[in-house]
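Indexing begins at 1, ligand by ligand and atom by atom, following the structure's order.
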Amino acid sequence: MKKKVVSLLTVSALSLSILAGCSSNSADTAADVASSVEEAAEETTEEVSDAVEETAEEVTDAVAGGDLADKKVGVCIYQFSDNFMTLFRNELESYLVAQGFSADNITIVDGANDQATQTNQIQNFITDGVDVLIINPVNSSSAATITDLVVAADIPLVYINREPDADEEQRWQDNDWNVTYVGCDARQSGTYQGEIIVDLGQDVVDLNGDGKIQYIMIEGDPENVDAQYRTEFSVKALEDAGWTVDCLDDEVGNWDQATAQQLVANALSAHPETEVVFCNNDAMALGALQSIEAAGRTVGTDIYLVGVDALSEALEDVIAGTMTGTVFNDHFSQSHSAADAAINYLTGAGNDHYIGCDYVKVTADNAQEILDSVK
Ligand code: BGC
Ligand code: CA
């Protein structure tokens, strides 16, 4: 690093003296000389700082890359067919590689929504001697068992997406274990869904003018606390705004588009007075939209629909007005933080036991911007 900087300095010093020399020979004004010198000096400073920055990066890459390239990472995903977790896992893999892990040493497995299958996969990873585990549990209620297995094998553990309960997180803290959770606070996403509706104004949303908001709720898999919080906080945002709500139906759609489509078709035929459809995620909102359209209803005119995640397809619907809004569940930030946490354990830097991130409210105003950023 030193060598590079010194040689650059020498070259720049030389060019400075040549510049100064040329100027005096051609009898330029002192001002010209001064500005040439100033320019050359600026260039030199820029070059030197670029060189320092570049070399520092090279050194960091070499150290980290050298260490990380032979580290084995095991990643357990609760279910590959989940749209959101697919975005998450693809981004996680490419970011891990960008940080210096070898693609051959990253193994990502599909829990197929079955805890017994996933527990087996975890046991296999332990037998294989992975250096770090990143786990999206099938059942967050199994976290204590998973933690015990992994900690006993002395492997650091990063949970993602399905947050274990407070008692479990407290154990990591109390025992000073290398275990953390990376995710966003689902209460925020629920609140944002409710606020998107509130921002339309009660006169607009209360289509039948009875002073109440008739809604149906389509919930995700209760194994993810996101489902529970989004259900609770979306409605709470309406109540906090002083609105009266009337729940016509509340069903579990398990984060799944086809299931939600069926549930919403049934709910709309039983309750044509529905004014708002809340879905805990976009996959289900896309299913809801199919049934809304099949029922001859028009989002933004005679019904309102919100989801969470900001899947590209949902963003396109928000832009087209066929979805009222969604909430960006930032899989970039979450997957990067999860990988960074894994690296911090491997380098000995360690982590807090909870690593959060923010959701972003998405309406027609910013949907294009979010779409551009996720593409
Ligand atoms: C996402 C859902 C996803 C679920 C998986 C949630 O945070 O919003 O789309 O199905 O995580 O656990
Ligand atoms: Ca009403």
Going by distance alone, is a donor N or O of one side chain under 3.5 Å from an acceptor N or O of the other, for [X] and [Y]?
{"X": "Asp110", "Y": "Gln79", "result": "no"}
{"X": "Tyr159", "Y": "Glu163", "result": "no"}
{"X": "Gln368", "Y": "Asp372", "result": "yes"}
{"X": "Glu91", "Y": "His336", "result": "yes"}

How far is [atom] from the closest protein heavy atom, and which atom is that?
{"atom": "atom 5 (C) of ligand 1", "answer": "Asn161 OD1, 3.3 Å"}
{"atom": "atom 3 (C) of ligand 1", "answer": "Asp82 OD2, 3.4 Å"}
{"atom": "atom 7 (O) of ligand 1", "answer": "Asp226 OD2, 2.6 Å"}

* Please collect all salt bridge (charged side-chain N to carboxylate O under 4.0 Å, His left out) contacts where either partner lies in residues 312-321, sequence neighbours excluded, each pair once. =>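 As it turns out, the salt bridge (charged side-chain N to carboxylate O under 4.0 Å, His left out) pairs with a partner in residues 312-321, which skip direct neighbours, are Glu316-Lys375.
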* Any N or O on Asn224 sitting closer than 3.5 Å to an N or O of ligand 1? ->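 It does: an N or O of Asn224 is found under 3.5 Å from an N or O of ligand 1.
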* Asked: Asn136 to ligand 1: N or O pair under 3.5 Å?
  ->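 By distance alone, the answer is no.
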* Report yes if the distance between the aromatic ring centroids of Tyr215 and Phe278 is under 6.0 Å, otherwise no. =>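 Yes, ring centres under 6.0 Å apart.
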Please tabulate, one pair per line, all N/O donor-acceptor pairs under 3.5 Å involving side-chain atoms of residues 236-247, not counting sequence neighbours.
residue: Lys236; atom: NZ; partner: Asp240; partner atom: OD2; Å: 3.0
residue: Asp246; atom: OD2; partner: Gln214; partner atom: NE2; Å: 3.2

* Given that the side chain starts at C-beta and the backbone is N, CA, C, O, which of these parts of Arg230 lies under 4.0 Å from ligand 1, counting heavy atoms, or is it both or neither? ->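 Side chain only.
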* Near the Ca ion (ligand 2), which protein N/O/S atoms are found at less than 3.0 Å? ->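 N, O, S partners closer than 3.0 Å: Asp206 OD1, Asn208 OD1, Asp210 OD1, Lys212 O, Gln214 OE1, Glu275 OE1, Glu275 OE2.
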* Beyond-backbone contact of Ile155 with Asp131, side-chain heavy atoms, under 4.5 angstrom ->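 A side-chain contact is absent here, since even the closest heavy-atom pair is not under 4.5 Å.
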* Within 45 degrees of the axis of the six-membered ring of Tyr78 and under 6.0 Å from its centre: does Arg162 put its NZ or CZ there? ->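 Yes, cation above the ring, under 6.0 Å and within 45°.
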* **Heavy-atom nearest neighbour of atom 2 (C) of ligand 1 within options Val225, Asp309, Asn83** =>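 It is Asp309 that holds the nearest heavy atom.
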* **side chain to side chain donor-acceptor pair (under 3.5 Å) partner of Thr326, the single match among Thr363, Asp282, Asp309** =>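 Considering Thr363, Asp282, Asp309, a side chain to side chain donor-acceptor pair (under 3.5 Å) with Thr326 is found only for Asp282.
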* Asked: Strictly under 4.0 Å, does any heavy atom of Glu223 approach an atom of ligand 1?
  ->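 It does not, in that no heavy atom of Glu223 comes within the 4.0 Å cut-off of ligand 1.
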* Asked: What atoms of ligand 1 come within less than 4.0 Å of a heavy atom belonging to Arg162?
  ->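 So the answer, numbered in order with elements, is 12 (O).
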* To do: Within a distance under 4.0 Å of any heavy atom of Asn329, pick out the atoms of ligand 1 and give their elements.
  =>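 What qualifies from ligand 1 is 1 (C), 7 (O), 8 (O).
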* Asked: Rest of the hydrophobic cluster containing Phe233 (Ile/Leu/Val/Met/Phe/Trp/Tyr, side-chain heavy atoms under 4.5 Å)?
  ->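 Same cluster as Phe233: Val225, Tyr229.
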